[in-house]
Undergrad: 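Have a look at this one before I ask anything.
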Amino acid sequence: MLPKGPYQPQSTEEEILAFWLENNFYSPEYKSEKKLSTSNQPDRETFSIVLPPPNANGNLHLGHMSGYAYQDLMGRYNRMKGKKVLLLPGKDHAGILTEVVFEKELEKEGLSKKALGREEFYKRCYDFCIKNSENARRQEKNIGLSADFDRELFTLEPKIVDEVLKAFELMYEDKLVYRDKRIINWCPRCQSALADIDTEFKDSQSPFYYFKYAFTEPETDAIRLKNEFNGKVIEWDFERNSTKEGSDRLPFSFGNYQNFEIIGIGYGDEQKGKLSGKVIGIQMRLDKNFRLVVLNQETEIDIKHELDKIFLFEIQHYAGAHIILFDEYSEDRFYTNGFILGTVRPETKFGDTALAVDPDDKRYKEFVGKEFEVRTLLGTSKINVISDNAVDESFGTGMVKVTPAHSPEDWDIAKRHPDEAFPEKQVIDFNGKMNHLAGKYQGLSVKEARKAMLEDMKSAGMLVYLDENYTNRIRICERCKYPIEPLISYQWFVDTEPLKSEAKRLVEEGFTDIMPEGKKKTYMQWMESKEDWCITRQLWWGYRVPVWYKGEHSQYITETGEVKEKIGDKIINNPEDYNGLIYVGHDNPNSRKTYFIPGKHGYMSRKIFPEIAEKYPNTITVQVENIDEPSQEDYANGLKDYDLKNSVIIAHSMGCPAIINYISENNTPIEKLVLIAPKLIFKEKDRAKRYTKMLEDLRLDKLETLVKELVIIYSDNDEHVTLEDISESIKKQLPYAKYVLQKDADHFATPELDIFPEYLWEVIKDNGNQLNISVLRHGETEYNKLGKFHGITDIELNETGREQAHEAKEKLGAHYDVIISSPLKRARQTAEIVNEKLGLKIIENDLLKERDFGNLEGLTWEEFSEQYPNEASKNHIDFQPELEKGERIEDVEKRLREFINWLKTSGYKNPLIVTHAGVIRVIERKLNNLTPEQSRENDPKNLELRNYKLSAAEWVQDEDVLDTWFSSGQWPYLTLMVKEGDFNEFYPSQVMETGWDILLFWVTRMMLLNPYRAKKLNPKRTDEQIVPFKSVYLHGLVLDKNGIKMSKSKGNGIDPFEMMQKYGTDALRYSFIKGNSAGQNYRLYEEKVSSNRNFCNKIWNASKFVLFNIEDCGEKLINTNQTELNFTQEDKDMLEQIDKLAVETTRRLDEFKFGIAADELYESFWHYFADVYLEKIKTRLYTKDRDGNAINTSEEEMKSRFSAQWLILYSLETYLKLLHPFIPFLTEKIWQSLPKREEESESIMYSEWPV
RNA sequence: GGGUAGUUAGCUCAGCUGGUAGAGCAUUCGCUUGACGUGCGAAAGGCCACAGGUUCGAAUCCUGUACUACCCACCA
């Protein structure tokens, strides 16, 4: 029985939720022991929804909750229909948003991103997200979301990360991902590139500057400037003060004022006297030969204001005309001819590369295609005039400055006029400050520069007009609202074209359906648009791009303002320059090994391979048993202990067929395979009977897919292989290999190391040591002699020290290319002395300074022990880890790591470094991986020279991370790949349910990337099998009572949990659904929730009534068949009503008309079942009248009563089932109290849907 | 500039296979001992934006207009 009183949602929900969770009902794998449970239906179809992952950090708001209500509704409905349902939850790392949030979090602790370093930051941020995601997960459970939480995934989970990076690699290979220089949105605050979609617009009132590029030679070009008004040349009749047509008006108007009297004419000044003293008017120099002076006769108007308006109008329409306001400006200022242009961003004008006009604009026709020298704030410069359709002749002056580096539109224009408008000139740096091209404005922020330039343009007479009332829209960062700076930068992009046309087709052909219909068009329109999708962000929080550069890479701005990229010391000028400098793959190419596979014969295998392997790290000679007569098995045994994946392999002779077979068999991808004298492969089949098997097995067919770069080195005078053989045999079979001819005799048997083929050296050096560092300790000082510690105490060399240095210089080799010295005197002096012989450049580097010993400075150990006994006891004469003042050892290590990194990229190959004992120790430790204790006994003596080798050409990983949409765009694929078998079972999912506002952000990108991945996984998948979901249902957004979008900043949000507390989760869920339709925003306010709470209460009370009135029936009710009963007309009506409703509800749900279904259920349950039917049958149900006398006692009455009892139970159960997807908790609670058959499901979740 | 949706009761919205309009809230009146006042019964309130068309019949389908909201692009 149900308890008395109104429905109490809180306690019921708690109880029911625990029941569901404990029984694992949410898992698609759930199986019940009860026979009637729908989980036991044979051959269940699957039904999956991959849920949109909310930000792991965030609290869930109404928007999330409404989504869950819809998703869960579908899940529960389909579960009851007997489907195997998976609702797959996840949490998003939300890239830039979280990074900003977490940075603020760190600030609170007095920490910063930089102080933590990348790894630590990532780790902490990860923990932060995981911790906070518990919150969201709890909220999801509380709303009753029946998702399989055991499958929940975080977007940065290692397995997901692997898959995301793999997508990048695949797309790179397919050329769908490429690196290029583009104009991008740069957020100077976030210090990151952003995609268009990560930006917003804000209306802004920005002054609009009309300024003039004045010709340096005023009269030449200016003369040709013609002014045509409305298509005709004005001809003014001076005599009659009218135009040639006889009108006394100009063939155009000044703003709204028609009644201007034209009183001044002619170039001569005969009329001037008439104007003196009272003229406030406009003088237009329409042509070289005359001007017009116009006087306003209206006295009541604000003449200054009106003239401003007119003036602006004239500037805009009669560009090139020279206009003067008499009392404002002196005449001369405007008599210089030039081009007037308008802009809101004068500071970018240093980046102008051309001036553009509308091709149809007659005013400028004869200037197009010519170059002019004009005056600028920084002197003069030459500039081209081009014509382009992007220019609108009616806007501004009809002439635009083209600044390709700072405006996306101008970049596009420039691309169409590469010769005139390129290369770009970037004048603003990544911090939003003016750079070297801005002359005296360098270093100013964009805002400051604008202000300074305004003043300068005014005084230089360049400013023609300033329109203070201009409104435009500026792009701002979606996350931090900082204005975006369009800049040119090298980034990674996705080529969306081919993906878009595919995504468009899949919807057009109906493999994915989008609801509501109207949004399909929005989708199509987006799929037709063009976009360079920039997928790299300069952040730490996210998937670090699996890209490696050969050496440090950087972007910089050249003297002329061109943006360039440098990798190592190579400058990238075109895409081909990246060849060999970029490695894409998420293994670290630095740890890539070089393997030598020896053959049976020769000096190469026996001597050279082992010698090199010993000398170079990461180089290994594979040991092969029975190398005199090796078999395939011998090779396989030798190789099996090594991970050859993505390695470099150099094989000789018999090693060649062996390795080819081995990698083919194991499908091992190889970065580079070098085959030296692989003659046996091609020639010696008949001769080498012993190797027949190896050669017969030879699988050249797979090489092309497995080996990225294949090199074959052959010898032209090999007795076995001739050039002809090569061309006939090998090249035909391996046309993609690179062939290297070794001219000399058969090198590979020659005992001379130095004729080892040059090419091989290159290969090995990639992984080998290129940088030879020699480190020299300075000479003796007085303090050294006395045993006094001196770190930063700047003591000179003493006599002995100088002598030592002189001695040392004689012994030094001549191969150094630079001297790098600590700035302290003792080192610097030593460097200078030894350099007397070497004659090199000496560079000082602060990082090489000796450690600051704090209290120990200037003291001997004994003195120190006396003065600071405590401190001394914690340290040792040779090793001082615990100094109270001074520099910490870790800090010394840190700066030296920095120094070594700098050195690697400095370009020096053989530097001589002059520094201090402490520093040398640290360097040594770093390079030899020693602990401080291990290194302390090995102090270098004065002027002792030590040599180290370093790998200079290291691969350096790209610092950037991937755009969040790049990963969330693959979400269904990614999540279903994690658990074995899920992909095959649940992909494609049935529905994608989300708000329509992220259709263009997310749904489109999922349609771009998922089909691509699915097809890649298995090319045989059909269109139907590659789409990520069959239907997209876009729900409307939740608005507040006044129809305004809820937001934190407006404070108009409703807290869903407050509503749940107050009215119950079911009531809130019902409010999200009842009466709403796809794609339509709807308002949510407390009254709605409360009325739905009333509905829940109605269900509760009606159920109590039903249960109370069937109490006396016991087992009889559930064992009676409908056909055994005699129904009255009212019963039959009820029966018809409920049966029809079930059919109707099913239809509505199948058509995604959730809102209508909820309406109809509400109506039918309340206003028919409860209000009509239950009222009608009360007389049949009661066993006593008001006075307590027994009634309904005849057999017929008893029968009628039983029929009614049967029917109210039947109806109630049916209603509960139909309502369960909408109102899960309450319906479960009541269902539990209903009399049921033994084999009935233990939960309404798996009860059978009534149709 | 391109696109999408909307315009129905005082308010918020349903109603989209065409058959003289519905719900919630609000309003008015009545009802309280037996599931429920978080209730029951009743009432009032709409030429379904406008104009054409198709049809026996249009809130519903078509065309156009007006207004509103939103999205995309552009704004030198």
Side-chain angles (χ1 to χ4, degrees), chain A residues 2 4-7 196-197 201 203 206 208-210 341-346 348-349 352 355-357 388 390-392 395-403 406-410 413 470-474 516-526 528-531 996-997 999-1000 1036-1037 1039 1041-1045 1063-1064 1067 1071 1074-1109 1151 1153 1155-1156 1158-1160 1162-1163 1166-1167 1170-1171 1174-1175 1178 1181-1186 1188 1208:
Chain A
L2 300 172
K4 282 201 162 185
Y7 174 53
D196 289 353
I197 211 150
F201 289 99
D203 281 330
S206 323
F208 194 87
Y209 301 76
Y210 287 93
L341 350 151
T343 180
V344 287
R345 301 202 55 189
T348 63
K349 79 191 203 70
D352 292 354
L355 298 173
V357 299
D388 191 281
V391 184
D392 175 4
F395 188 89
T397 63
M399 183 174 249
V400 191
K401 62 197 202 62
V402 180
T403 319
H406 297 292
S407 154
E409 295 73 42
D410 292 6
I413 294 176
Y470 183 75
T471 336
N472 69 342
R473 297 199 312 166
I474 53 168
E517 185 68 23
K519 297 294 174 203
K520 209 181 277 181
K521 292 202 175 166
T522 311
Y523 173 93
M524 292 299 177
Q525 209 187 347
W526 191 84
E528 282 157 21
S529 70
K530 288 189 177 176
E531 169 202 31
W996 62 260
D997 56 327
L999 169 70
L1000 295 186
L1037 308 185
L1039 308 175
K1041 197 168 185 175
N1042 301 314
I1044 296 164
K1045 208 176 158 180
Y1063 300 106
S1071 309
K1074 182 175 178 287
N1076 296 325
S1077 55
Q1080 212 58 47
N1081 293 351
Y1082 57 95
R1083 304 180 189 202
L1084 189 90
Y1085 38 87
E1086 206 163 331
E1087 289 89 330
K1088 260 192 195 176
V1089 186
S1090 107
S1091 79
N1092 288 320
R1093 183 268 319 260
N1094 296 351
F1095 179 52
C1096 290
N1097 195 46
K1098 190 74 191 174
I1099 298 171
W1100 176 256
N1101 282 311
S1103 304
K1104 275 197 302 188
F1105 177 80
V1106 170
L1107 286 170
F1108 177 75
N1109 281 294
E1151 288 172 352
K1153 308 278 186 195
I1156 302 173
D1159 262 344
E1160 288 168 351
Y1162 183 102
E1163 179 66 18
W1166 197 329
H1167 301 301
D1171 289 350
L1174 290 186
E1175 290 303 326
K1178 275 180 177 171
L1181 287 176
Y1182 291 151
T1183 51
K1184 284 175 183 166
D1185 68 8
R1186 295 202 169 180
I1208 54 173

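Note that these values count all heavy atoms, side chains included, but never hydrogens, waters or copies made by symmetry. So you know, we letter chains A, B, ... as the sequences are listed, proteins then strands, and number each from 1.
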Undergrad: At under 4.0 Å between heavy atoms, what does V391(A) touch on the DNA or RNA strands: base, sugar-phosphate, or nothing?
TA: base

Undergrad: Considering only the C1' atoms, how many Å lie between C29(B) and U63(B), rounded to the nearest integer?
TA: 48 Å

Undergrad: Can you check the distance between U7(B) and C61(B), where both ends of the measurement are the P atom (answer in whole Å)?
TA: 11 Å

Undergrad: Taking atom P in both A23(B) and A43(B), compute the distance separating them and give it to the nearest angstrom.
TA: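 Taking atom P in both A23(B) and A43(B), they lie 11 Å apart.
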
Undergrad: Measure CD/E1086(A) against P/U12(B) and give the value in whole Å, please.
TA: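 In whole Å, U12(B) P lies 19 Å from E1086(A) CD.
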
Undergrad: What integer number of Å spans the P atoms of U32(B) and C47(B)?
TA: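 Straight-line distance between the two P atoms is 37 Å.
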
Undergrad: At under 4.0 Å between heavy atoms, what does W996(A) touch on the DNA or RNA strands: base, sugar-phosphate, or nothing?
TA: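 Result for W996(A) = sugar-phosphate.
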
Undergrad: Rounded to the nearest angstrom, tell me the gap between atom NZ in K1088(A) and atom C1' in A23(B).
TA: 11 Å

Undergrad: Y470(A) near the nucleic acid: base, sugar-phosphate alone, or nothing, with a heavy-atom cut-off under 4.0 Å?
TA: sugar-phosphate

Undergrad: Are the side chain of S407(A) and the backbone of D410(A) linked by a donor-acceptor contact shorter than 3.5 Å?
TA: yes

Undergrad: What integer distance in Å separates I1208(A):CD1 from C36(B):P?
TA: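 Rounded to whole Å, this separation is 15 Å.
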
Undergrad: Rounding to the closest angstrom, what is the interatomic distance between U60(B) and U17(B) at atom C1'?
TA: 11 Å

Undergrad: Got a second to check how far D388(A)'s CG is from L355(A)'s CG, nearest 0.5 Å?
TA: 13.0 Å

Undergrad: Quick one: is A35(B) close enough that its OP1 or OP2 comes under 4.0 Å of any side-chain N or O from Y1182(A)?
TA: yes

Undergrad: Okay, side chain of K401(A), backbone of P346(A): is any donor-acceptor separation there less than 3.5 Å?
TA: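 Such a contact is absent between K401(A) side chain and P346(A) backbone.
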
Undergrad: Could you say whether Y1085(A) or K1178(A) is positioned toward the 5' end of RNA chain B, judged by the nucleotide with the nearest heavy atom to each?
TA: Y1085(A)

Undergrad: What's K1074(A) touching, base or sugar-phosphate or nothing? Going by heavy atoms closer than 4.0 Å.
TA: sugar-phosphate

Undergrad: Here's a test of your reading of the structure: between Y1082(A) and L1000(A), which maps to the more 5' nucleotide of RNA chain B?
TA: Y1082(A)

Undergrad: So which nucleotide from G15(B), C71(B), A35(B) ends up closest to the side chain of I1156(A)?
TA: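 Side chain of I1156(A) sits closest to G15(B).
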
Undergrad: Think K1088(A) forms a cation-pi with Y1085(A), using NZ or CZ under 6.0 Å from the six-ring centre and within 45 degrees of its axis?
TA: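 Here K1088(A) passes the 6.0 Å and 45° test against Y1085(A).
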
Undergrad: In the structure I gave you, are the side-chain heavy atoms of F1108(A) and L1181(A) within less than 4.5 Å of one another anywhere?
TA: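 Not touching, per the 4.5 Å side-chain cut-off.
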
Undergrad: I want to check one thing: is the phosphate of U4(B), taken as OP1 and OP2, less than 4.0 Å away from some side-chain N or O of K521(A)?
TA: yes

Undergrad: Flag yes if more than 12 heavy atoms outside K1178(A) fall under 6.0 Å of its NZ atom; otherwise flag no.
TA: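 More than 12 within 6.0 Å, yes.
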
Undergrad: Nearest whole Å is fine: how far is C71(B) C1' from L999(A) CG?
TA: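 These atoms are roughly 10 Å apart.
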
Undergrad: Rounded off to whole Å, could you give me the CD-to-P distance for the Q1080(A) and G15(B) pair?
TA: 9 Å

Undergrad: What residues, two or more places apart in sequence or in another chain, satisfy ring pair (Phe, Tyr, Trp, His ring centres under 6.0 Å) together with Y7(A)?
TA: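 With sequence neighbours excluded, Y7(A) shows a ring pair (Phe, Tyr, Trp, His ring centres under 6.0 Å) to W1100(A), given in chain and number order.
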
Undergrad: When you measure from the side chain of N1101(A) to the backbone N and O of N1097(A), does any donor-acceptor pair fall under 3.5 Å?
TA: yes

Undergrad: What is the distance, rounded to the nearest whole Å, between atom CZ of F1105(A) and atom P of A35(B)?
TA: 6 Å

Undergrad: Verify the contact: side-chain N or O of N1081(A) to OP1 or OP2 of C70(B), cut-off strictly under 4.0 Å; return yes or no.
TA: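 Result: no.
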
Undergrad: Does R1083(A) put a side-chain nitrogen or oxygen below 4.0 Å from OP1 or OP2 of C13(B)?
TA: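 R1083(A) to C13(B) OP1/OP2: side-chain N or O found under 4.0 Å.
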
Undergrad: To the nearest angstrom, how far is E528(A) atom CD from U4(B) atom P?
TA: 12 Å

Undergrad: Taking atom P in both G18(B) and U55(B), compute the distance separating them and give it to the nearest angstrom.
TA: 16 Å

Undergrad: Just the dot-bracket of RNA chain B, please: which string comes out with Watson-Crick or G-U pairs under 3.5 Å, [ ] for crossing, | for another strand?
TA: ((((((((.[[[[.)...(..]]]].(((((.......))))).....[[[[[..)....]]]]])))))))....

Undergrad: Determine the interatomic distance between P on C72(B) and the same-named atom on G52(B); round to the nearest Å.
TA: 38 Å

Undergrad: Select base, sugar-phosphate, or nothing to describe what G1155(A) touches, counting heavy atoms under 4.0 Å on all strands.
TA: nothing

Undergrad: Could you report the tightest heavy-atom contact between M399(A) and V357(A), atom names first, then the distance?
TA: CE-CG1, 3.7 Å

Undergrad: For a quick test of reading the model, state the closest non-hydrogen atom pair linking Y1063(A) to S1090(A) and the distance between them.
TA: CE2-CB, 3.4 Å

Undergrad: What is the distance, rounded to the nearest whole Å, between atom CH2 of W1100(A) and atom P of C36(B)?
TA: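 Atom CH2 in W1100(A) sits about 13 Å away from atom P in C36(B).
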
Undergrad: Give every pair of a protein N or O atom and an N or O atom of nucleotides 37-45 of chain B that lie under 3.5 Å apart, one pair per line with the distance.
TA:
residue: U38(B); atom: O4'; partner: N1094(A); partner atom: OD1; Å: 3.1
residue: U38(B); atom: O2'; partner: N1097(A); partner atom: ND2; Å: 3.1
residue: U38(B); atom: O2; partner: R1093(A); partner atom: NE; Å: 3.0
residue: G39(B); atom: OP1; partner: N1094(A); partner atom: ND2; Å: 3.1
residue: G39(B); atom: O3'; partner: K1098(A); partner atom: NZ; Å: 3.2
residue: C40(B); atom: OP1; partner: K1098(A); partner atom: NZ; Å: 3.2
residue: C40(B); atom: OP1; partner: W1166(A); partner atom: NE1; Å: 2.3
residue: C40(B); atom: OP1; partner: D1171(A); partner atom: OD1; Å: 3.0

Undergrad: Would you measure the distance from the C1' atom in G22(B) across to the matching atom in A59(B) and give it in whole Å?
TA: 12 Å

Undergrad: Measure the shortest side-chain to side-chain distance between I474(A) and R345(A) over non-hydrogen atoms and say whether it is less than 4.5 angstrom.
TA: no

Undergrad: Looking only at non-hydrogen atoms, find the nearest pair between G1075(A) and D1159(A) and report the distance.
TA: CA-OD2, 3.6 Å

